[in-house]
Amino acid sequence: REKPIWKRAVQQVAPILLILSVGFGSLLAISPTVRAAFLQWITEWYETHITYRYVGTDMAGAMPQYEITELPEGYAEIKSERIEWPNQVNIVYRNGREGKTIYLNYIRMNQGGATDFVIEDVEILPVVVNGLDGQLFWKANWESEWNTVTWIDSDRELQFTIEAHLDKMDIINIAESVSLVKSTK
């Protein structure tokens with residue numbers, strides 16, 4: 001007795017689909033470029049800077065509200081310097097006694113958007129912020145030069161950046177304390 005045509009077709013297509021899915025899964029596991037493109041962003045490395053380019057659908061609606069919940073002593077938000085655009089929020093925290101500033105910026109990963117980071121005279125260190133991969137753009141002379149940490153939350157389609165005159169552990173601890181305080185959904 002002969003098998004129906006659809007059963008023969010499924011038996012012939014199944015091994016091909018298995019091979020393709022294993023191959024694609026391997027590419028995602030070993031290639032940061034493929035993984036990033038699949039997750040809606042591409043990281044481009046140039047001699048003087050790194051660019052994150054975003055692909056995918058545009059998000060609509062108000063931006064969610066995040067803030068740094070564990071600021072170093074003496075820092076407070078300068079509400080008059082807060083900037084909220086439809087796809088980006090910039091928050092400024094300043095230490096009144098020392099005059100030092102911490103900047104928190106987060107943007108939506110919308111189609112055609114990009115973020116650039118200058119990497120001249122910077123050590124680029126991989127970091128993990130709340131379980132999310134990121135990068136620390138580190139200058140050893142942190143008391144007089146800006147250090148930057150950035151990470152992407154692909155589930156929320158947001159890229160976060162903190163700039164400050166802080167050492168490695170302090171800037172990572174501050175990044176770990178960035179929390180959602182008001183959702184727009």
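Just so it is clear, the values below take in all heavy atoms, side chains as well, and ignore hydrogens, waters and symmetry mates.
Contact of the Asn147 side chain with the Leu166 side chain is not registered, since no non-hydrogen atoms from C-beta on lie closer than 4.5 Å. Using a 4.5 Å heavy-atom threshold, the side chains of Phe137 and Ile124 count as touching. Side-chain contact between Thr101 and Glu163 is absent, with no heavy-atom pair separated by less than 4.5 Å. The shortest distance between side-chain heavy atoms of Ile107 and Asn87 does not fall below 4.5 Å.
At a cut-off of 3.5 Å, with distance as the only test, a side-chain donor of Tyr66 or Arg156 sits close to an acceptor on the other residue.
Atom NE2 of His49 and atom CZ of Phe117 lie 11.5 Å apart (nearest 0.5 Å). The CG atom of Leu104 sits 9.0 Å away from the CD atom of Glu67 when rounded to the nearest 0.5 Å. Separation of atoms CD1 (Ile91) and CD (Glu81) is listed at 12.5 Å; rounding is to 0.5 Å.
Nearest heavy atom pair, residue Trp151 against residue Asp133, reads CB-O, 3.7 Å. In terms of heavy atoms, Glu120 sits closest to Lys139 at O-CE, 4.2 Å. Scanning all heavy atoms of the two residues, the minimum distance from Met63 to Leu158 falls at CE-CD2, 4.0 Å. When every heavy atom of Glu143 is checked against every heavy atom of Lys100, the shortest pair comes out as O-NZ, 3.5 Å. Nearest heavy-atom pair, Arg108 versus Ala62, reported as atom, atom and distance to 0.1 Å: NH2-O, 3.0 Å. In terms of heavy atoms, Val122 sits closest to Trp138 at CG1-N, 3.4 Å.
Val128 and Ile162 fall into different hydrophobic clusters, where Ile, Leu, Val, Met, Phe, Trp and Tyr side chains are chained together by heavy-atom contacts under 4.5 Å. No continuous path of ILVMFWY side-chain contacts below 4.5 Å connects Leu136 to Val118, so the two sit in separate hydrophobic clusters.
With hydrogens and angles disregarded, a donor-acceptor distance shorter than 3.5 Å links the side chain of His165 to the backbone of Glu145. Remark: side-chain polar atoms of Thr69 are not paired, donor with acceptor, to backbone N or O of Val178 under 3.5 angstrom.
Environment of CG in Asn141: crowded, with over 12 heavy atoms of neighbouring residues, nucleotides or ligands closer than 6.0 Å. Around the CG atom of Leu18, the shell of radius 6.0 Å holds more than 12 heavy atoms that belong to other residues, nucleotides or ligands.
Put simply, the residue from Asp153, Val127, Asp155 that forms a side chain to side chain contact (heavy atoms under 4.5 Å, CB included) with Leu132 is Asp153.
Using a 4.5 Å cut-off between side-chain heavy atoms of Ile, Leu, Val, Met, Phe, Trp and Tyr, Tyr103 falls into a hydrophobic cluster with Ile78, Val92, Trp146.
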Under 3.5 Å, which donor-acceptor pairs do the side chains of residues 167-176 form with other protein atoms, sequence neighbours left out?
| from | atom 1 | to | atom 2 | distance (Å) |
| --- | --- | --- | --- | --- |
| Asp167 | OD1 | Met169 | N | 3.4 |
| Asp167 | OD1 | Asp170 | N | 2.9 |
| Asn173 | ND2 | Met169 | O | 3.2 |
| Glu176 | OE2 | Asn130 | N | 3.1 |

